[in-house]
Amino acid sequence: MTQHFQIRLPDGSVREVEPGTTPADVAAAIGPGLAKAAMAARVNGELRDLNRPFEEDAELALVTARDEADALELVRHDYAHVLAEAVQNLFPGTQITFGPATDDGFYYDFAPAPGRGPFTEEDLPVIEEEMRRVIARDDALVREVWTRDRVRDFFEKQGERFKAEWVMELPADETITMYRSGNWMDLCRGPHLASTGRLDPQAFKLTRVSGAYWRGDQKNAMLSRIYGTGWLNRKQLDAHLLRLEEAAKRDHRRIGQEMDLFHLQSEAHGSVFWHPKGWAIWRGLEAYMRRRLDAAGYREIKTPQLMDVGLWEASGHWGKFRENMFVVPDEVPGTDPDRPVLSGTGDLMALKPMNCPAHVQVFRQGITSYRDLPLRLAEFGTCHRNEPHGALHGIMRVRQFTQDDAHIFCTPEQVFEETVGFARLLDTVYRDLGFPAYTIKLALRPEQRAGSDSLWDAAETTLRDAVAFAKLSGEGFNFSELPGEGAFYGPKLEFHLTDAIGRTWQCGTLQLDYVMPERLDASYVGADGERHRPVMLHRAILGTFERFIGILIEHHSGRFPLWLAPVQAVVATIVSEADDYAREVAGALSAAGIRVESDLRNEKINYKIREHSLAKVPNLLVLGKREAEEHTVALRPLGTDARQEVLGLDALVARLVAEATPPDLRASPPQQGLDGGNRRG
RNA sequence: GCCGCGUUAGCUCAGCUGGUAGAGCAACCGCCUUGUAAGCGGUAGGUCGUCCGUUCAAGUCGGACACGCGGCACCA
């Protein structure tokens, strides 16, 4: 008697099928429309090939383009596969390695054929064409189960050393599958579409080339990566390309130049020249942070830029971080043109790459009692780090930056409450600045670390619980854990924000540190009269002003909330008869603390409106003969087209002053208690 | 640091196979006193990133370096 399988469909119906039956067969039995639309199958929750026979009773859901996440993942993976086949067709001797789907497409890493260098962007159109040929050939993508040794022998024979190396490291219990399309084969877990022809030949585009290390390790070979973006259809692709174009307009480097906020130049690469308008944003942000920190019980300090190398040796930075430090010899430079400027024998000092050792020095002055804890020392601390050359990026990754840094010295028992307090403060600040949604990551113990496992257990649990207690993890929150990513001295929380094109940047952080107080001999006197080591929490909310302002620019497309806008209003006249009145209006606003500029040029009002709109000035105050006579102002907020409101001068001043009030100075709802949540909307 | 690409007027960019630099916008000057996203006319502006080389001749070809861009690795 033949064994039949019971296949349960999402509508609850059950079909009895013979062994050898595939999801494709079931789809065909249901109807030709579904057979055509089906791209893959979810069998007992696992995404599988349409043509892979059932092996047991199963829950089956057929995946179509409507299941967009699954469908995109499938086609992107297939595009990568087609890319690899196309490259090997065109460039024999190229070795294949990995080619996964990404958030918007796919990539494939190749080892170029000997004698042929890495791929360049000029190669891409040719490869795209070949990919279309592979798609047009519509070869079936066939799954085959092979043994490990057979796969290795196969690839070794083909000169594919990367694939041969990789297959031998797959877990022993893993089923090893090869996918065949025509004569071409790749080691792949799958699943894939039934055939290459199921891909839309007009829904992908190869976008760029890049180097990438084999298995992500700098010590390994540099491979040549080709990136593409891939979609279900042409319309989606075009929409995506349009989004990228729009995103490019929000690039902080571009807006920084257009709005005259800052510039960079090669003589000080990695350090920002802040212009008056950019600095106005910084000042507004700093003043706001200072108020928030004061209110949260922090005490602000200022510590030296240059400190003797001895201190960095004691802190451990000299050993671990020296390559990233700027070292300054403490000697008078020679003035004899025939002799070297530096003797090389002077004592060494270093620009601080972080503030913590200096903060410990402040903590160590005098004797601290347990009654003084927690002690929260804050500094807008300017640091220098000599970053790897290729890492610099606009003002988001620089060599001189200012952190909104603070170190909380506390007892182990206070860590939880301090972490909760910090998380809430950060959440408030991020909301005030327009970021109700952000990503939180908990970086867990690395391979190489200081301290016992039980200490790490406790530290990780404390941070995890504190985030949960602050109601910032769980349903609706973007919280994840990163095994192995913590600092060697303790676990850390990372708070990430996203830039215009979707890259995420770590901004806020909180790091638990049991080591630094020990190394720099920080102690307090406990209730028992004995000396104890405090725990140190390194923490920052913005992270650095440079990066955070960069993110702010991109997030708001340069249209800052009024309280941060570098120019809050421009008075623009229509006729010169209004000039005197315009000066009066500008004077009144300026006296009320509004950052206002006047445009009395002999230009058409159309011209002025266009210019100041492009400059993203939030409020345009238009004054003609009528307004001058009636002592009113026509208020034209940015982005409201021709709509405007005519106000009396006093009303206007009151209105702008109210709107330009920083969020922390506005009338606020009653304070929440310790167990009050800040739930995200 | 690694791979690829780039660097021409204040900005955005053109300049084919080497023959000595061009546009639009901005700037400046003049006219227009103007009502909600570009009025009109004119003028000026560049040792083509730096250095070295090939050549009768280099923005253009080759090399080195610097910086930038996209990734990789590293990180706030």
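Just so it is clear, the values below take in all heavy atoms, side chains as well, and ignore hydrogens, waters and symmetry mates. Chain letters run A, B, ... following the sequence lines, proteins first, then strands; residues in each count from 1.
If you look at Phe91(A) and Phe119(A), their ring centroids are closer than 6.0 Å. The ring of Phe106(A) has its center no closer than 6.0 angstrom to the ring center of Tyr108(A). When ring centroids are compared, Phe435(A) and Phe548(A) come within the 6.0 Å threshold.
Atom C1' of nucleotide rG4(B) and atom CG of Asp109(A) are separated by 14 Å, given to the nearest angstrom. Atom-to-atom, CD of Glu121(A) to C1' of rG70(B) comes out at 8 Å; the value is rounded to the nearest Å. The separation between Glu627(A) atom CD and rU36(B) atom P is 12 Å, rounded to whole Å. Rounding to whole angstrom units, CG of residue Leu244(A) and C1' of rG70(B) are separated by 13 Å. As a whole-Å value, the separation of Asn220(A) CG from rC3(B) C1' is 15 Å. Atom CZ in Arg254(A) sits about 15 Å away from atom P in rC69(B), given to the nearest Å.
Two residues are said to be in side-chain contact when any heavy atoms from C-beta on lie closer than 4.5 Å; Trp274(A) and Glu546(A) meet this criterion.
For Gln448(A), the CD atom counts as loosely surrounded, since its 6.0 Å shell holds 12 or fewer non-hydrogen atoms of other residues, nucleotides or ligands. Within a 6.0 Å sphere centred on CZ of Arg243(A), heavy atoms belonging to other residues, nucleotides or ligands number more than 12.
With Trp505(A) as the fixed residue, the ring pair (Phe, Tyr, Trp, His ring centres under 6.0 Å) test singles out one of His393(A), His496(A), His252(A): His393(A).
For the C1' atom pair drawn from rG41(B) and rU54(B), the interatomic distance equals 49 Å after rounding to whole Å. rC48(B) sits 5 Å from rG59(B) when the C1' atoms are compared, rounded to a whole Å. rC65(B) and rC13(B): their C1' atoms are spaced 26 Å apart (whole Å). Straight-line distance between the P atoms of rG49(B) and rU7(B): roughly 8 Å, to the nearest whole Å. Here, rU8(B) and rC51(B) have their P atoms 16 Å apart, quoted to the whole Å. Comparing the P positions of rA66(B) and rU43(B) gives a spacing of 44 Å, expressed to the nearest Å. Distance check on atom C1': rG45(B) versus rA27(B) gives 9 Å, rounded to whole Å. For rA57(B) and rG1(B), the P atoms lie 36 Å apart once the distance is rounded to whole Å.
In RNA chain B, consecutive stretches of 3 or more Watson-Crick or G-U wobble pairs with both distances under 3.5 Å are given as paired ranges: B:1-7 with B:66-72, B:10-13 with B:22-25, B:27-31 with B:39-43, B:49-53 with B:61-65.
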Encode nucleotides 71-76 of chain B as B, S and - characters from 5' to 3', where the letter depends on protein heavy atoms closer than 4.0 Å: B to the base, S only to sugar-phosphate, - to neither. BBBBBB

Summarise protein proximity over nucleotides 38-52 of chain B in one line of letters, 5' to 3': B for base, S for sugar-phosphate only, - for none, counting protein heavy atoms closer than 4.0 Å. BS-------------

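Partners of Tyr581(A) by ring-ring contact (aromatic ring centres under 6.0 Å, His included), not counting sequence neighbours, listed by chain and number: His631(A).
In this model, no donor atom of one side chain and acceptor atom of the other lie less than 3.5 Å apart for His407(A) and Asn355(A).
Across all strands, Ile574(A) comes closer than 4.0 Å to base atoms (heavy-atom distances). Residue-level contact check: His389(A) touches the bases, meaning some heavy atom is under 4.0 Å from a base atom.
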Find every protein N or O atom lying less than 3.5 Å from an N or O atom of nucleotides 6-14 of chain B, and list the pairs.
from, atom 1, to, atom 2, distance (Å)
rC11(B), O3', Gln257(A), OE1, 3.4

Show the atom names and distances, to 0.1 Å, of all donor-acceptor pairs under 3.5 Å that link a side chain in residues 259-272 of chain A to residues at least two apart or in another chain.
from, atom 1, to, atom 2, distance (Å)
Asp260(A), OD1, His275(A), ND1, 2.7
His263(A), ND1, His275(A), NE2, 2.7
His263(A), NE2, Gln265(A), OE1, 2.9
Gln265(A), NE2, Glu267(A), OE1, 3.4

